[in-house]
Amino acid sequence: MGGLMSGCSSTPPLVSNVPAGDEPPPAPREFRAAWVSTVANIDWPSKPNLSADKQQAEAIAILDRAKALNLNAIVLQVRPSADAIYPSKLEPWSEYLTGLQGQAPQPWYDPLKFWVTQAHARGLELHAWFNPYRARHNGARSPAAPNHITRTNPAAVKTYGKYQWMDPGEEAAVKQTLDVVLDVVRRYDIDGVHIDDYFYPYPIEAPTATGAEGAALEGRTAKAELDFPDEPAWQRYLAGGGRLDRASWRRQNVNRLIEAMYEGIHREKSWVRFGISPFGLGRPDRRPRGIVGFSQYDKLYADAETWLQNGWLDYFSPQLYWGIRQPGQAYDVLLDYWLTQNPKGRHVWPGLFTSRIGAPTKEYPPQEILDQIDHTRSRPSANGHVHFSMAPLMENRKGISDQLRAVSYPGPALVPATPWLGNEGPCAPSVAAVRKGPSVYLKLAAGKANAMYAIWSRFGNQWRFAVAPASRVDWAVPDDAKLGAADAVVVSAVDRLGNESPRIEAWRKA
């Protein structure tokens with residue numbers, strides 16, 4: 001039996017046409033993502049000054065690998081150091097594209113638009129990742145472009161060791177970051193905005209001025225720390241009658257950006273989710289027994305607990321870059337801690353240090369990552385995770401990609417819904433089904449607000465699940481080698497926030 005099953009034109013029907021007892025199970029839901037770093041060419045492009053064709057081929061290889069692994073999102077670094085991997089009137093082209101800051105790819109194209117289009121064509125979300133305050137990386141190799149903030153507004157930037165850093169106490173620096181983020185939200189069809197752990201810089205030792213991120217991960221702190229040189233902004237605050245101590249004032253500066261970013265993003269586009277991936281250890285006075293190490297609350301002035309408490313984000317991806325049995329920083333203890341700090345029920349999708357597989361020091365076996373995924377799944381309120389970064393998945397280090405595909409991701413999953421941003425389901429799709437040769441062929445037509453199709457096929461007593469982007473018109477459900485043709489095929493639509501439409505029975509075996 002087949003035919004045309006049409007959805008609503010304005011509001012979805014209350015019931016679908018799936019017979020009682022034949023309803024498929026709920027769609028699998030899990031955020032499965034990987035960070036794609038552009039800074040220092042960690043993930044993409046593999047080196048500066050590749051041709052546009054080669055950059056695009058590398059991007060497609062990453063997206064194809066993500067799709068093959070049954071991931072459903074990519075978190076792409078679009079602003080590594082107050083620069084851009086897309087054409088911008090606010091900041092210069094990134095040197096990680098061409099080797100020279102301010103120089104566009106050749107031949108010209110828009111990399112971010114390319115990534116968004118190609119990700120969506122594969123049914124993948126694309127989240128734009130911004131570094132909020134870093135102005136110049138210590139490994140920068142080309143001079144600052146004339147329109148870089150270090151040259152257009154040097155008073156908003158401070159030199160800190162080998163870095164240049166936008167000062168969170170300077171209104172001009174905050175405005176720059178907010179303007180850049182909202183410009184991307186307006187101009188690109190992104191699914192999320194993502195910021196990382198760089199607020200005030202990781203402290204460095206005086207006088208050597210070496211970076212301290214590695215020390216922080218190992219639970220050490222820099223000795224004889226160099227204080228961040230924000231004296232002008234601090235003195236203005238005091239002169240204006242400010243009464244906070246300096247550490248609290250710095251945290252307030254960061255908090256104001258987070259709140260303004262959350263409100264500004266949703267004012268522009270209600271469906272774009274805002275995520276933050278802070279350092280994985282909470283403030284010292286709230287930590288579980290036995291958890292020790294670097295305090296982002298006291299050193300980066302990142303009050304992540306307050307962001308969760310106030311609901312200033314849609315998803316929270318703490319960088320839990322330690323093993324399950326790591327003394328002082330155990331993965332599962334830290335995950336449980338962050339879940340207790342989440343009264344508004346925001347998504348908690350922890351960051352996994354997958355790049356530790358095959359690393360020269362402090363190496364992880366692949367099983368550690370598989371176990372961390374299992375531990376996360378055992379907590380009902382943690383429904384996703386993010387791999388740092390895409391490189392080990394592209395290289396299949398020690399077989400990690402093969403193992404993820406076979407063990408952790410045997411089938412696709414939808415991104416969890418975000419009901420606090422909207423919970424009205426989309427219209428059901430229109431589906432025509434016909435049997436032809438060894439397959440059931442579907443003709444798909446998206447209804448209002450459709451972003452994806454969820455497709456179930458029943459073989460015997462087993463339902464199999466698939467996901468397709470709303471841009472797909474044709475879909476084939478091939479016969480099973482042993483069970484023959486599908487007994488039934490059921491289709492629903494899913495919107496940008498993960499809400500599902502009524503389900504339509506598109507096919508039933510005669």
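The shown structure was predicted, so the numbers you read here are calculated from the model rather than taken from an experiment. The basis for the numbers below is simple: all heavy atoms, side chains too, and nothing from hydrogens, waters or symmetry mates.
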Less than 3.5 Å apart, any donor N or O on the side chain of [X] or [Y] sitting next to an acceptor on the other?
{"X": "D402", "Y": "N396", "answer": "yes"}
{"X": "S471", "Y": "H120", "answer": "no"}
{"X": "R32", "Y": "S408", "answer": "no"}
{"X": "W93", "Y": "D83", "answer": "no"}

*Name all residues meeting the side-chain contact (heavy atoms from CB on, under 4.5 Å) criterion together with P143; count only those two or more places apart in sequence or in a different chain, and write none if there are none.*
L100

*Answer yes or no for R251 and Y301: cation-pi contact, defined as NZ/CZ to six-membered ring centre under 6.0 Å and angle to ring axis within 45°.*
no

_Tell me whether the NZ or CZ atom of R346 lies within the 45° cone about the ring axis of W312 and under 6.0 Å from its centre._
no

_Over 60° means perpendicular and under 30° means parallel, so tell me whether F279 and F294 are parallel, tilted or perpendicular._
perpendicular

Strictly below 4.0 Å, N to O, side chains only: are [X] and [Y] in salt-bridge contact?
{"X": "K398", "Y": "E363", "result": "yes"}
{"X": "R496", "Y": "E125", "result": "no"}
{"X": "K113", "Y": "D189", "result": "no"}
{"X": "R356", "Y": "E368", "result": "no"}
{"X": "E95", "Y": "R141", "result": "no"}

_Tell me whether the count of non-hydrogen atoms from other residues, nucleotides or ligands lying under 6.0 Å of CD in E171 goes above 12._
no

_Has R122 got a side-chain atom pairing as donor or acceptor with L63's backbone, closer than 3.5 angstrom?_
no

*Checking H148 side chain against T150 main chain: does a donor-acceptor pair fall under 3.5 Å?*
yes

_Any heavy-atom pair between the side chains of M261 and F274 that's under 4.5 Å?_
yes

*Can you spot which of L352, L320, V348 makes a side-chain contact (heavy atoms from CB on, under 4.5 Å) with H385?*
L352

*asked:* Please tell me whether W35 and H194 form a close aromatic pair, meaning their ring centres lie under 6.0 Å apart.
replied: yes

_So that I know where these two stand, are F31 and H127 an aromatic pair - ring centroids less than 6.0 Å apart?_
yes

